[in-house]
Every structure is written in structure tokens, then in C-alpha cells.
Enquirer: 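Take a look at the following structure, please.
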Amino acid sequence: MCMTSAPPKVRDEELLADVISRLIGDVRHVAVGNASPIPATAALLARERNGNGRPYVSLLQSRKHNFFTDGARELFDCAGQGRIDVFFLSGGQIDGHGNINLVSIGDYDHPKVRFPGSFGSAHLYYVVPKVILFRTEHSRRTLVPQVDFISAPGANAGNVYRPGGPIALVTNRCLFSFAKGRFTLDSVHPGHTVEEVIEHTGFDFDMPGSLPATVPETALPSPATLKLLRETVAPQLAEVYPQFAAQVFGVKAFGDGEKALTV
Amino acid sequence: MCMTSAPPKVRDEELLADVISRLIGDVRHVAVGNASPIPATAALLARERNGNGRPYVSLLQSRKHNFFTDGARELFDCAGQGRIDVFFLSGGQIDGHGNINLVSIGDYDHPKVRFPGSFGSAHLYYVVPKVILFRTEHSRRTLVPQVDFISAPGANAGNVYRPGGPIALVTNRCLFSFAKGRFTLDSVHPGHTVEEVIEHTGFDFDMPGSLPATVPETALPSPATLKLLRETVAPQLAEVYPQFAAQVFGVKAFGDGEKALTV
Amino acid sequence: MSSIFQSLDDALSAIIDGCMVVVPREVSGVPMAATRALIKRGVKRLHLVALPTSSLQADLLIGAGCIETLETSAVSLGEFGPAPRFSAAILSGTIKMKDATCPALHTALQAAEKGVPFMPLRGLIGSDILKHRSDWKVIDSPFGNDDPIVLLPAIKPDVALIHAAMADRFGNVWIGRQRELATMAHASNKTIATVERIYDGNLLDDPVLAAGTLPGFYVDSVAVAERGAWPLGLPDYYSADADHLAEYAKMAATPEGFAQYLDKYVYDKRAA
Amino acid sequence: MSSIFQSLDDALSAIIDGCMVVVPREVSGVPMAATRALIKRGVKRLHLVALPTSSLQADLLIGAGCIETLETSAVSLGEFGPAPRFSAAILSGTIKMKDATCPALHTALQAAEKGVPFMPLRGLIGSDILKHRSDWKVIDSPFGNDDPIVLLPAIKPDVALIHAAMADRFGNVWIGRQRELATMAHASNKTIATVERIYDGNLLDDPVLAAGTLPGFYVDSVAVAERGAWPLGLPDYYSADADHLAEYAKMAATPEGFAQYLDKYVYDKRAA
């Protein structure tokens, strides 16, 4: 495609969805939990980019983009079978070992702050090969040296069965990859700097060549990607995340997506 | 009810069904496995006698008399939950300890005779409170001192979890009750004798007062019971056991009982 | 046979103070009309098992003082923010919290469904959830390479409380794809269902409907409660009432606002 | 997307010599057309897991020399008597038999479905079945009174082979109340389905049909095989062919009669 005019303005959500969709890679099945509009956008983008209906995308909040028929258990069974390749997790706190905290701050028995709870993290983090951590608030409050409560650990010692775990952490400022128990700063998003990332990150991390100057800038979504996002992905997203789709893409859902029982 | 005329002729199957229905007692749920027309007759009789739709009767071979919707597993789960009160088992061999053999005669690795297999006996015999053993061939070939292969034992030592087990053995000649690891001859069917039972039984058993003369004769079904069996139970049975119902009760089934899918 | 249908209050009579009740997650048909009736009646000291998470239902019951122990993997109002009464109760220590992870609760109920004392589950090792659950055990798996694995004890609730689209007069309840409702019923001593409407016929007679039906054998009482999941949604039927949930999130942010919410929407003081 | 529908032979190509195949019990929709195609193709050394029992299917495959290992709880022709080729093979020692009890097989497949290495089951202790299964273990339950309980290792078949009423072009298969077909698919590496007919539409779009549907996600290939369970029945569709089963029982009583049966009904030599 030949683009000579100025590239269209890229929204932060579009950049993050593009980054995540590239992390997803060539897999069979991506599942996205509740209240995760940007990962959902990324998963649908990954599928539309391939154009062959693959990967399967399961948006757990959606009836339409979700094939499960065996009750609330099926997602976890499916992951246990090794049939979910990519999942997304977040945390009230995330530390440099990849541990995530979805429970509380302070002493567990007398906490200062309580989060909703661990959801399925203490299982999915172990059995899904590619878990992408996602947190838009990149601060020393969220990215800490050591979480107060480990909902799910980034790694396990010994012979604990663990085919899965974190592969990356995507924030509003940058992209970290994760390997061997540590994060590496892979790229910094346009408009942000390595110094800023260091300043706002509570844990130690590695850098390619260990020099700030060698950290690349996160690539912008291509015009073709933006077109896909805005024209093909956004209308599908609107069914599940109407507010998000309206706000980011100016797209409205048709109906409420609930197919009525006709018996 | 006043009956002055001669009692109607009682068939063996009717007598056995009546004996079994009295063993069933006041329970919530009776399940009957495959190829068990007489126990099925007894279970339906127990239900019709109460007249309130209880006990639930699950005939595993039937769609209509079987509420299971969770696949082939549900019967066993249901039993594990303690929700099946009565079940029926048989055996190629049954011994005096209540052990049953549904597998083979001779050495297991080089058998002389092979039976179909243990089915669910090695689970149901342990968890169903009232298991009624049923074998119409009462001989030293079937009722043996010690089975060659224990598909399921009559009792367990130690602290093995076992809320269930055998309560009786019904044969074509008599009714044995079972308690504390031994059978007791409770009654001999009309036309048979205690001596005959002893002659054809391969295992030791107890007798009330230890004297043959004190063993009562099995009571015949009452006229009311016969009426229920012939008029109410038989037509229901015909759906599941058409050949049996025709042969014993002269009743025919309507259609084949299979409700067609109309999608 | 007497009808299995009862008034909502009568149907709920098996839920007595101190009993263990299992309820489904926020999107699987939550018996909210029944929840309001329980609060009105003033039920106390419940051990609530939310399979595997909850939203408004747990928050309301906690705020109204009905809960002694809460066993779940998360309580949140989703896009409407944290669950305020849940958070407040944890911070002030007024309820006993048994934190879990979603598949652990499914597994523990499956153990009860199968009549076994425990079931194993992958994951959990190295998580502080496990550290705070002395009722969970770790063994070295006798299969494979002696790797450690968690065993979860069966959860056998006194009552499963569910809401679904329809039931027939035999107590059969159509649950559709929400199959965890069947596991809940199998695992529990009793099952109470509220439904949108009565199905005229026997759900088990139609092979297609039967595939999505919980048999009446497992169901102890049924009450009709139209829009009984409101303000939450009922799958295949109606969506959640977003405006109401936003209103709840706002009012429940303070104890006073929560009390007003109860007055307005639970205690029938609307006219006052 | 290319169609998931294939010819019967192509659909069965994943069932190679020596692989482990799980099939359903005699009343749950047995893929008999597929079974005849496998015999015709001359598949060898199968490890057949019949969940939890079998009738004609296992007997045919054994008689035709396709089976190396059979894992099931019983093989019988029911009211038509013992399964003659099964009995003969056991007596002559030509197959390896892994005797089980019905819920043990369900449990072992559920373990694979959950991705755990084992699951516990009540019963079995004191049974000679356990004595002959060195792959099953007994531990003292860490919950309760240290009572012994059996742990069964997960069974993860290479292929689940099923027959059902209908499938759509997305590979979704309507299984109705035969939910063990879903567990089989979840537990197995691949799933092959034969169906009576194609459903025109998406089975997951209708909430009522969806409740009885195995999602195409788990299904690798589908072939249309009308009356594909014949001479066995298909629930909600058609009954077993009693005359044919009686004929089989009679012919299969001898090796010669069995060979004639294969010629007549499997190898398509009807015209000869």
C-alpha cells in the first residue's frame, strides 16, 4: 500500500493493542478475561490480520466471541489441557520477579487496601504458555520491588509442573519482555523515555546492551493495521465493550448482543 | 379388598419382583442397570405401590424412566453423592462372603471362562446403601465357596470408606439376607425346599434358629400387588423390556420409545 | 404429587442462619430477587461460596450483615469499580475471607459431585493463597516425577441457590450452557431455584431442551421470580441494568448510602 | 475457512496403527460406519478405550484383528448374549485386557480434561481389578481419617471417535445429553466425529441448541455418515436393529461365521 499523506493520528489504545497483537504471535487460541478491552482489541486484531479465523479468540465476557458450552469451568479445564496459548493478567502490584498481587496491600490479615481477589491467576499463570501482563498505570505504586501478596508467582523453583508463565509486561510507557525470572526493557512507546521508565518503575530490570540509548522506540501501528482496527475490529468490539468502542473508535454496537431464548 | 375367588396364578417373575420390591423399602431413589427386567419390574412396583411418584426409579436402559442429563458419568456421580439408595448387581459367581465375580473363571491371566466384565460394580457396591444381589440360576456353579475373581467384595476390613454393600440375594429358589459378612436364609419360595437350597448352594449360610423347619415360605404377592403389576407396571415395562413384558405379562409396547429429534 | 412451586419466601426456608450456600458467578444467572428476600428476612452468619466470583450479590449480603464467611476468588463490580461493602468488610475485619482461585472452587465442588474427599489441581504452589489455606494440602504426585501438586477438599454446601430461565412442574430447571449450576446442585445437599417462568410441559420430554436441563431430582423448591436476576443479567434472556449498577456503586460507597440503597431497593420503602 | 467436512476415510486418517482411541458406550452413539471403514482399511494395534463399556464395536474390531489393548469395564451384546470375539480373544490371549470399572474410566478421562495427572475414586479397594492394575495407586487420604483411596492416572487418548446427530460447517457437533462425548473430546488430542446430517447454520447461535453442543474448537474432522451408528441405535434418533444384532451374535459365534459377517457387512462383498 502506498501512503504519501500524513499518517493518521494513532491513539494510545491502538498502539498498545498493536504491541500486544504482535506478542500473541502464531498461536491457535487466545483467551481474554473480563474488563480487558485493550487485550480484547489485540486478540481480535491478531485474528483479523491472519484473515483465516485463527487464532480462536475467546472473550469471556461475550456470548458471541466465546465457544464455551460446558459452564464456567471450561475455560480453566481448557487451559489445563494446554488448549489456551495466550492469556492476559494484571495486578494491583506487579514485581520484578513477575509475581502478581490481586489481593491486598499490607499484612493479609489486616490489609490497608483490598483488591477484588486472585480470580483464576493462580492456575492460568502456570498452564498458559504465553501470559501477557498488562497494566496501563506504570508507576512505583503498581510496579514494585516485591508484591505484598503473591496471587501467582512469576516462576517456580524445583520440579513444579509449570508449562506456562509471563512472557511480557505491557504498560502505558513501555514494553518489557520476561525471561529467566527478570524483565528486560524491549521498547519505549513514542513520547516516553528510558529515564522516565526507570523513574517510575519500582523494580530492577535489564536493558539490551545495558545502555539506555540502545532501547528502541515502540513501532507505531502500520496504516493497514489502523484500518483493520478501526473498520473491522472496532465494530466487533462494540458488542462486548460498547463504552470503550464508542470512546476510542467512535463505533456503536447494534443491540445488546444477547440472543433471546425463544422456547 | 375382599377376595373370595381362587387367587390368580402367580408367575415366578411376579413372585421375585414382589420379593425385591419389599426389600427396596421406603427410599428416595432406586436405579436399575441394563438387562435387569425383574429388578426393573420390582422398582416400578415399589413406586406404583406408594402412588406418589416415589421412589424415583432410574432404568438406565430407558430414556423415559431416567432423568440423567449429564452423560454416562452421572449415575456414578449420583451414587457417590449418596443419592442412589438401591441398586442391583449379579455375578457369574457369587460367594458366601458376598463377593461377586463378573470377570472370569480360572486364573485371570489364563481364564477358562470369560464374562463381560465388572461394569460399575467396583464402585456402586461400595457407595449404594442397599445393593440387592439377583441371580435366577441358583446352583453350585453360580453360588460358590469363593469366587475366582473379586469384581467387588462383599465387605471391607479396616477404615475403607464403605457406606454401601449387599443386603440380600434373591434367587429362583429363595431369599437370603446379608449382614456381617454372611448370608442368612430368610425364606424359601413356594415349591422349593430348604434341603434343595442347601444342596444347590456352594457356600455356607445361616438359618433362623439354625433349623430348616423354622425357615418360612416366601409370601405370594397379594391380589392387589398382582393387579398393580399386570395393569400398571407391565405397560411401562414394555417400553424398556418389550420381549420380557410380552412373555410374562402379554403386554405390548407402543412405538419404540425413542422420541425423535425435530430440529 | 404436590407442586414444587412455592412462594419466594417459602422456597428459601431451607436457607437458615449459619448455613453454607453456594451461588453462581455474576454472569450465570444470579438469584438477586432471592438475595433481597433473604436480606429482608434477616438471615445471619451465612458461609457464602461464590462460584467462582461474585459482584453485587456478595456485596449486598456483606453490607447487610448476612455473611460470616466468604469463600470466593474475587468480588468486584467490574466496570463499575470495586465492591465497596466487600472492601470495607475486609479492611475492618468483619467477615472471614477464604481467598481462592477460580478453578479451585470448581474443583472442590466437582469433588463433592463425585463423592470423593478431595481433587487435585495444577497451579497454586508458590502462591500466598495456598499459604493462607491450611485446609488445602500438597502431596508429591505418585504419577510422573514426584512433582508437588495441591489437593483441595470437597466443598459440600447445604444449599445451592440458583436463578434460571424456566422450570417445569416436575422441578426440572433449564440451565442452558450454565452447567456449573448442575455441578452446584449435585454437590449440595439441597437446591433452590428461582425462575423467570413456568415451562408448560416436561423439559425432559424434548431431547433438545433436555440437554440443557437440571433434573428435578436434584431440586427441592422452585419459586417464580420474574426478572429475578435484576439488576444483573440472565444469559440468553436479558442484560444487566448498567444504570442501576452505577447507582449502586455510588450509593454503596458509604455506609449511609448503602443503608439508603437497602431502604429503597430491598426493604420496600420506596413509597416512603 | 476450508470445510471441516471430509470423506469418511479422510476424516479417519488421524487414527493410525498403534494409536489410542476412545469410543463411547453402546447406547451413546457409536460410530459404527467409521468402525467398518477402519476395519476395511486394516488398522492395527489399536489401544481401544471403551467409555465405559462396549458391545458390537469392540467385538468387531477385536475379531478383525485391529486391537492390541482393550481398556474397558465390560464387553457384551446385552440381550443378544456374550460378545463372542471378545471372549475368544481373552481365552486365547490374543489381546491385552485392562479391566476397569465404569466410573474409573470416566474419572481417568476427567483427569485428562482437567489437566491433572490423576483423580481419586471411591470403591475399588479389595477388588481384584485393582490388584491387576499396577498403574493405579492407593494413598491414605490426607483429609478425614487417613482412609485409603485409589488414585487413577489420567487417560489422554490420541483420538476421540464419536457419532452424533448433526454438525455445522464450523465443526460444532450437537451431542445432546451424551455429555461424556464432550469429556472424551476434551481429554483427547484429536476428535473425529461422524454425523447423521449437516446442520445449516451455527449451532452455537441458538441458546437451546448450544446447550447440547460440543464446540468445533475441539473437533478436527467431521464426516457425514447417515445411520452411522447402525446396527446400534442413536439416542433421540433411531433404535438398535435387533434382527441384525441377533444375526451378528449367531454368525460371530465361530471364527468362520465371523469371517462371513465381515465379508457380507464390512468388506462390501454383498453382491458376491
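Note: hydrogens, waters and symmetry copies are ignored here, and every other heavy atom, side chains too, is used. Numbers restart at 1 for each chain; the letters A, B, ... are given by sequence-line order, proteins then strands. Small disclaimer: the values here were computed from a predicted structure and weren't measured.
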Enquirer: How far does CG of D:Asp205 sit from NZ of A:Lys64, to the nearest 0.5 angstrom?
Expert: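 Output value for this atom pair is 7.0 Å.
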Enquirer: Is the count of non-hydrogen atoms from other residues, nucleotides or ligands lying under 6.0 Å from A:Asp107 atom CG greater than 12?
Expert: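 Correct, the count exceeds 12.
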Enquirer: Mind listing the closest non-hydrogen atom pair of A:Cys78 and D:Tyr218 along with its distance?
Expert: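 Shortest heavy-atom separation between A:Cys78 and D:Tyr218 comes out as SG-OH, 3.6 Å.
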Enquirer: Under 4.5 Å between any side-chain heavy atoms of A:Thr69 and D:Leu214, yes or no?
Expert: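 No, side chains not in contact.
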Enquirer: Would the number of heavy atoms belonging to other residues, nucleotides or ligands and lying under 6.0 Å from CG of D:Asp200 be above 12?
Expert: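 At most 12 heavy atoms, drawn from other residues, nucleotides or ligands, come within 6.0 Å of this atom.
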Enquirer: With side chains defined as the heavy atoms from C-beta onward, is the minimum distance between A:Asp70 and D:His186 less than 4.5 Å?
Expert: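 Side chain of A:Asp70 against side chain of D:His186, heavy atoms only: contact under 4.5 Å found.
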Enquirer: Name all residues meeting the side-chain contact (heavy atoms from CB on, under 4.5 Å) criterion together with A:Val248; count only those two or more places apart in sequence or in a different chain, and write none if there are none.
Expert: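 A:Val248: side-chain contact (heavy atoms from CB on, under 4.5 Å) contacts with A:Arg11, A:Glu13, A:Phe244.
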Enquirer: Tell me, please, which residues at least two apart from D:Ser188 pass side-chain contact (heavy atoms from CB on, under 4.5 Å).
Expert: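 Counting only residues at least two positions away or on another chain, D:Ser188 forms a side-chain contact (heavy atoms from CB on, under 4.5 Å) with D:Val22, D:Pro157, D:Ala160.
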Enquirer: Does D:Lys156 have more than 12 heavy atoms from other residues, nucleotides or ligands lying within 6.0 Å of its NZ?
Expert: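 No, the 6.0 Å shell around NZ holds no more than 12 heavy atoms from other groups.
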Enquirer: Just wondering, more than 12 heavy atoms not from A:Gln247 lying within 6.0 Å of its CD?
Expert: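 Incorrect, the count does not exceed 12.
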Enquirer: For D:His163, check side chain to side chain donor-acceptor pair (under 3.5 Å) against everything at least two apart and list the hits.
Expert: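 Result, side chain to side chain donor-acceptor pair (under 3.5 Å) vs D:His163: D:Thr194, D:Glu196.
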Enquirer: Which answer fits D:Asn202, side chain, backbone, both or neither, if we ask what part of it has an atom under 4.5 Å from a heavy atom of chain A?
Expert: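 No part of D:Asn202 comes within 4.5 Å of chain A.
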Enquirer: Check the orientation of A:Phe67 and D:Phe217. Use parallel for under 30°, tilted for 30 to 60°, and perpendicular for over 60°.
Expert: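 If you compare the ring of A:Phe67 with that of D:Phe217, the planes turn out parallel.
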Enquirer: Checking heavy atoms, do the side chain of A:Arg73, its backbone, both or neither come under 4.5 Å from chain D?
Expert: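 Contact with chain D involves the side chain of A:Arg73 alone.
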Enquirer: Any residues in residues 107-118 of chain D near chain A, with a heavy-atom distance under 4.5 Å, and which are they?
Expert: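 Those residues of residues 107-118 of chain D which have a heavy atom under 4.5 Å from chain A are D:Ala112, D:Glu113, D:Lys114, D:Gly115.
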